[in-house]
Amino acid sequence: MRSPRRCSRNGCPRQAVATLTYVYGDSTAVVGPLAAFAEPHTYDLCEPHARSLTAPRGWDLVRHDGDFAPPPPTTDDLNALADAVREAARPPSVRTDDTDHTPQTGRRGHLRVIPPSH
């Protein structure tokens, strides 16, 4: 599944709803609705960062007037959701989840796996 675009600010895990573009020739920063595609030299921002952004001294800031709506789900997102629902509806013996959930003791690299005490 393709992950949604995230805010470009360091450490921010929120979903992007706005795009920041700099127009260097006019000394203007523009914050508008999320662009359809991620472009070089633009920055995706979450709503709090889009609302609190300030422009550099001497620059103008043009900000979208209104609400920033989250982008609609893509067909990739809808297909992944449908696949997850189908997988959850299968009986346990038919599921493709091959993960073994029994605790094991052993060594992996420099770490030791220790089963939980009961």
Rounded at 0.5 Å granularity, tell me how far OH in Tyr24 sits from NE2 in His41. 8.0 Å

Salt bridge (Lys or Arg N to Asp or Glu O under 4.0 Å) contacts in which one or both residues fall within residues 35-45, not counting sequence neighbours: Arg5-Asp44

For residues 53-64, which residue pairs pass the salt bridge (Lys or Arg N to Asp or Glu O under 4.0 Å) check, not counting sequence neighbours? none

Shared hydrophobic cluster, Val62 / Leu53 (ILVMFWY, side-chain heavy atoms < 4.5 Å): no

Give the table of side-chain donor-acceptor pairs shorter than 3.5 Å for residues 25-37, with sequence neighbours excluded, one pair per line with atom names and distance.
| residue | atom | partner | partner atom | Å |
| --- | --- | --- | --- | --- |
| Thr28 | OG1 | Asp26 | O | 3.0 |

Partners of Arg51 by side-chain hydrogen bond (donor to acceptor under 3.5 Å, both in side chains), sequence neighbours excluded? Glu47

Connected via hydrophobic side-chain network under 4.5 Å: Leu45 and Val23: no

Would you mind telling me which of Arg14, Arg9, Gln15 makes a side-chain contact (heavy atoms from CB on, under 4.5 Å) with Cys46? Arg14

